[in-house]
Amino acid sequence: MNNVEISKILNAMAVFYEMEGVSFKPRAYEKAAEAVAAHRESAADIFKHGGEKALMDIPGVGPGIAAHIAALLTKKTFPEYQRLKKKYPLNLDELGSIEGLGPKTILLLYKKLGVKDLKDLERAARAGKIRKIPHLGIKSEQNILRGIDFMRRSAGRIPLGYILPLAEEIEARLGQVPGVRRAVICGSIRRRKETAGDIDILVTTSKPKAAVDYFVSMPEVEAVYARGEGKASVRLKIGIDADLRVVPKESLGAAVQYFTGDKQHNIHLRTIAIKKGYKLNEFGLFRDAKNVACETEEEIYGHLGMDCPSPEMRTDTGEIEAAIAHKLPKLISYDSVRGDLQTTTNWTDGAKSIREMAVYAKKLGLEYIAITDHTKALAMTGGLDERGLARQAKEIEKLNTEFNPPNRRTKFKILKSAEVNILKDGSLDISDEALAKLEIVGAAVHTNFNMSESEMTERIIRAMQNPNVDIIFHPTGRLLNRREPYKVNMEKIVAAAKATGTVLEIDAFPDRMDLCAEHVRLAIKAGVKLSIDTDAHAPEHLEYLNLGVALARAGWAKKSDIVNTMPLKEFLEWLKKLKKKR
DNA sequence: GCCGTTTTCGGCCCGACTGTTTTCAGTCG
C-alpha cells in the first residue's frame, strides 16, 4: 500500500469521525493524512526499516495512527476502519470531492435518501428530492448539481506536479528495457500543461515486443486496454490512462512533434506545410513521396522556414508566427530561479521549522527564501499577529547569522516576510508599521471569494496601493480540479501592478499554478515583473519551483521578467530600490 | 488522536459566509 492509498483511508477516517460527531479526531486524522501524502519516503519503507515507532516521525502521526498505518501495511485494513466503513457504506472518494458537500450533509443524504455515491446523488438532485429534506433547500440542490458538473469537467485530469514524477520515472525505466534506444514523454505533459489527462510515451527500439511487454506489466498498471506490435494502452491505478507507441528511429522527431501537439498547433503547422508543397504527419515531412525531414523536431520546423518553438509554447497563440519571423523569445531556463519568495513554516500551518526549510532550500542550490507564514486573520492556521512577526524576525536574524559565518564565501539569506491577508475591503490584517519592518511583503486573498468581479478587482488593487505590499500571492486563487479562480479583471490588476511597481506571483504549487499562461503574457507585455514561488508548506515542496518555470515559459517569460532569478546581492539591491521608489 | 518556547495533560476549533432558518448548522480556508 502506498502513501496516497494510506492517506485516502486516513482521510476517510476523518470523515467518519466527523459524521459520528467526535471532536478533535477528524483534524488529527486529516493532518496525518496530509503529512503521509506529502511524505517523500514511503510509509512501507519506513515501517520495514524502523517499525511502528519510525512511523511516528511523520508529523501528525502518533502511537494510535502509527498502529493503524502498520495494520494497513500488513493486513490492508484495521478494525476501526472496518467498523466505520460497514456502518457508512459510502463512496467518499466521489461524494467528498464535491465542493460544498461535507461529511454532515453526506450523512444526512445517506440517512434520508440512501445516497451512497455520485450516481445516487445526481439522481436525487435531478428528481428534486434534496430540496425536500429539512435544512436543505432549492439552493442546496442547485449547488450540488453545479458541484457535480464542475467535478465532471475536471475529472480524470491530474495536476502536472503530481503526474510528472511518475511519467518521468516510467520514461526512465522504459529507457532501461533491452533494445530501447530512446523513450520520450510527449503529449500535454511534455507541453507542461497544468493538468494531464494521460501519459503518452514514445520509444524507439530494436525489440518492440520487449518494450510493450514491460509497459503492460508495470506495477502501476491496473488494466490493459490494448497491446499490439507497436502500441499499448493501459489504465493506471492512479486513475488515468497511459499510452505507449513504438516508432521507427528514423522518424522519432516527426513522431515526437506529432504526439506533442497541441492539436491547434499541429493543424496550423500542417496547413503551412501544405502551402509549401509538403505533407506533414507522424512519419515525417514529405515532398511528393520523399521524406525530407523526420529525425528531429528542429529539422522539421527548419524545413518549414521557422524556428522550433519550445513545447510549452505550442498552443497556436502566436508562437508559429513568431517562429516564422525568427522572433521567439529566449525563454527563462529551468533551474534559473535562485530564491523562493513564498514558503510557510510550522510557525503557522507549514510542516517544518524555518531552519529545516532553509537547510533544504540551500541544499537545492537556492540563495534565499522568504518566510511567509500566514497572518492573524487566518485563525485556522494560527496566523501570526504583529508580536508573532516580531518574534519570528528575531529567530530569522539568529538563523541568518548561523547560516553565514564570517569566513564563508557563499551567502544564504532568509528574508523576513509574511503572507498578509487582503481583507474584504482591500485593507490588510497587519499594521503598516509592522509591515514596514519586513523585508518583503506578500499579500493574498484567503476569504470572501464570492465577490463580484469589480469588487474583487478593487479589493486587490487597494492592497497593491499599500506601499508596503511587494507581491500579490496566488493572484487568481484557483485550485485545480477543486475551485474556480475568483473573478478578477486581470487587465486592471496588471495595470495597477505596473502603476504601483507590485510583483505578481506565478505560484508553482501543483494545485494552484496561477497565474495561467495568458495572464503571464499579459503581465509581461505590460512590463510587470513576476515572481515564481512554490508556496511550500514542507521542504520537499520547494522542488516544485520548476513547475512555475514551466508556466512562465508557457507565458513566454524571459529570465529578466522574473525577479527571483536575480542573484542574492542583486535581488536585495533591487528590493531596496523598489522600497525607496514608493 | 496529537502535541509541547503557554509541555506530559489539557488544549486543540477561529471567523465568515451560505442557506436554512427565526437562532443556527455546515462548510471552507
Side-chain angles (χ1 to χ4, degrees), chain A residues 10-11 13-36 52 55-69 78 80-81 84 95-109 130-144 146-147 344-351 353-355 373-385 387-388 390-392 394-395 398 419 421-425 429 444-451 455 473-474 477-479 482-484 486 509 511-512 535 537:
Chain A
L10 295 178
N11 258 324
M13 288 300 291
V15 174
F16 288 145
Y17 280 127
E18 193 87 54
M19 288 175 171
E20 299 266 283
V22 177
S23 28
F24 305 118
K25 285 193 189 187
R27 276 299 291 162
Y29 275 95
E30 242 170 62
K31 270 179 89 170
E34 221 171 279
V36 168
E52 232 174 273
L55 288 170
M56 286 165 62
D57 287 342
I58 303 172
V61 175
I65 292 179
H68 290 334
I69 295 175
F78 54 90
E80 193 63 1
Y81 177 57
L84 290 164
L95 296 174
S97 58
I98 290 163
E99 167 134 48
L101 202 59
K104 294 285 168 62
T105 314
I106 291 173
L107 182 63
L108 185 66
L109 291 168
I130 289 174
R131 67 180 73 178
K132 296 198 183 112
I133 297 174
H135 302 295
L136 297 175
I138 292 180
K139 288 221 171 154
S140 309
E141 193 172 272
Q142 285 166 345
N143 278 340
I144 285 170
R146 253 202 304 277
T344 301
T345 71
N346 60 7
W347 280 67
T348 57
D349 65 344
S353 65
I354 302 173
R355 179 201 302 274
D373 276 297
H374 291 286
T375 51
K376 60 189 175 190
L378 267 197
M380 144 255 192
T381 66
L384 302 176
D385 58 9
R387 277 173 51 203
R391 268 206 342 249
Q392 191 181 53
K394 283 209 180 115
E395 169 84 7
K398 210 175 80 193
E419 180 176 9
N421 294 296
I422 304 175
L423 302 176
K424 198 172 179 180
D425 63 357
D429 68 337
V445 168
H446 278 110
T447 50
N448 306 91
F449 294 108
N450 292 322
M451 293 171 88
E455 282 174 325
F473 285 153
H474 27 85
R478 72 170 167 181
L479 289 177
R482 283 191 286 151
R483 186 175 72 204
E484 301 269 20
Y486 35 72
F509 201 85
D511 293 322
R512 292 190 175 271
D535 197 4
H537 279 55

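Just the heavy atoms: all of them, side chains too, but no hydrogens, waters or symmetry mates, feed the values below. Naming convention: chains lettered A, B, ... in sequence-line order (proteins, then strands); numbering from 1 in each chain. Model, not experiment: these values are computed from the prediction.
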Using a strict cut-off of less than 4.0 Å between a Lys/Arg side-chain nitrogen and an Asp/Glu carboxylate oxygen, indicate whether A/Lys31 and A/Glu34 qualify as a salt bridge.
no
Using whole Å, what does the distance between atom P of nucleotide B/dG4 and atom CH2 of A/Trp347 come to?
14 Å
Round to the nearest Å and state the distance from A/Tyr17 atom OH to B/dG26 atom P.
19 Å
Could you tell me the separation between the CD atom of A/Glu30 and the C1' atom of B/dC2, rounded to a whole number of Å?
14 Å
Drop me the distance from A/Asp385's CG to A/Arg391's CZ, to the nearest 0.5 angstrom.
8.0 Å
Please measure how far the C1' atom in B/dG15 lies from the corresponding atom in B/dG10, and state the result in whole Å.
24 Å
Just wondering, do A/Asn346 and A/Ser353 contact through their side chains at under 4.5 Å, heavy atoms?
yes
Could you tell me whether the side chain of A/Tyr17 reaches within less than 4.5 Å of the side chain of A/Glu80, counting heavy atoms only?
yes
Both distances below 3.5 Å, Watson-Crick or wobble geometry, any strand: find the nucleotide opposite B/dC3.
B/dG10
Rounded interatomic separation in angstrom, taking CD1 from A/Ile422 and P from B/dG29
17 Å
Minimum heavy-atom distance between A/Arg512 and A/Arg478, given as atom pair plus value:
O-NE, 3.1 Å
Protein-nucleotides 17-24 of chain B N/O pairs under 3.5 Å:
residue: B/dC17; atom: OP1; partner: A/Lys424; partner atom: NZ; Å: 2.9
residue: B/dC17; atom: OP1; partner: A/Asn448; partner atom: ND2; Å: 2.5
residue: B/dG19; atom: OP1; partner: A/Asn143; partner atom: ND2; Å: 3.2
residue: B/dG19; atom: O3'; partner: A/Ser140; partner atom: OG; Å: 3.2
residue: B/dT20; atom: OP1; partner: A/Gly137; partner atom: N; Å: 2.4
residue: B/dT20; atom: OP1; partner: A/Gly137; partner atom: O; Å: 3.2
residue: B/dT20; atom: OP1; partner: A/Ile138; partner atom: N; Å: 3.4
residue: B/dT20; atom: OP1; partner: A/Ser140; partner atom: N; Å: 3.3
residue: B/dT20; atom: OP1; partner: A/Ser140; partner atom: OG; Å: 2.9

Within this structure, what is the CZ-to-P distance between A/Arg27 and B/dG10, rounded to whole angstrom?
23 Å
Gap in Å between the two C1' atoms, one belonging to B/dT6 and one to B/dG11, rounded
10 Å
Evaluation steps, side chain to side chain contact (heavy atoms under 4.5 Å, CB included), between A/Glu395 and A/Trp347:
CA-CA 11 Å; A/Glu395 169 84 7; A/Trp347 280 67; 4.0 Å; yes
Distance, P atom - from B/dT20 to B/dT27, rounded to whole angstrom
13 Å
Rounded to whole angstrom units, what separation is found between the CD atom of A/Glu99 and the P atom of B/dC28?
6 Å
Per the glycosidic torsion and the 90° limit around 0, nucleotide B/dT7 is syn
To the nearest angstrom, how far is A/Met19 atom CE from B/dG26 atom P?
12 Å
Closer than 4.0 Å, any side-chain N/O of A/Thr105 to the OP1 or OP2 of B/dT27?
yes
If the C1' atom of B/dG19 is compared with that of B/dT23, how far apart are they to the nearest Å?
14 Å
Which whole-number value in Å describes the distance from A/Leu384 CG to B/dT5 C1'?
14 Å
What's the gap between B/dC28 and B/dC13 when it is taken at their C1' atoms, as a whole Å value?
13 Å
Could you measure between the two P atoms, the one in B/dT7 and the one in B/dC12, and give it in whole Å?
13 Å
Give me the distance, rounded to whole Å, that separates B/dT8 from B/dG4 when you measure between the P atoms they each carry.
12 Å
Does the aromatic ring of A/Phe24 sit over the six-membered base ring of B/dC2, closer than 5.5 Å centre to centre and tilted less than 30°?
no
Find out whether A/Asp349 and A/His537 are in side-chain contact, i.e. whether some heavy atom of one side chain is under 4.5 Å from a heavy atom of the other.
yes
Plane angle bin for A/Tyr486 and A/Phe449 - parallel if under 30°, tilted between 30 and 60°, otherwise perpendicular:
parallel
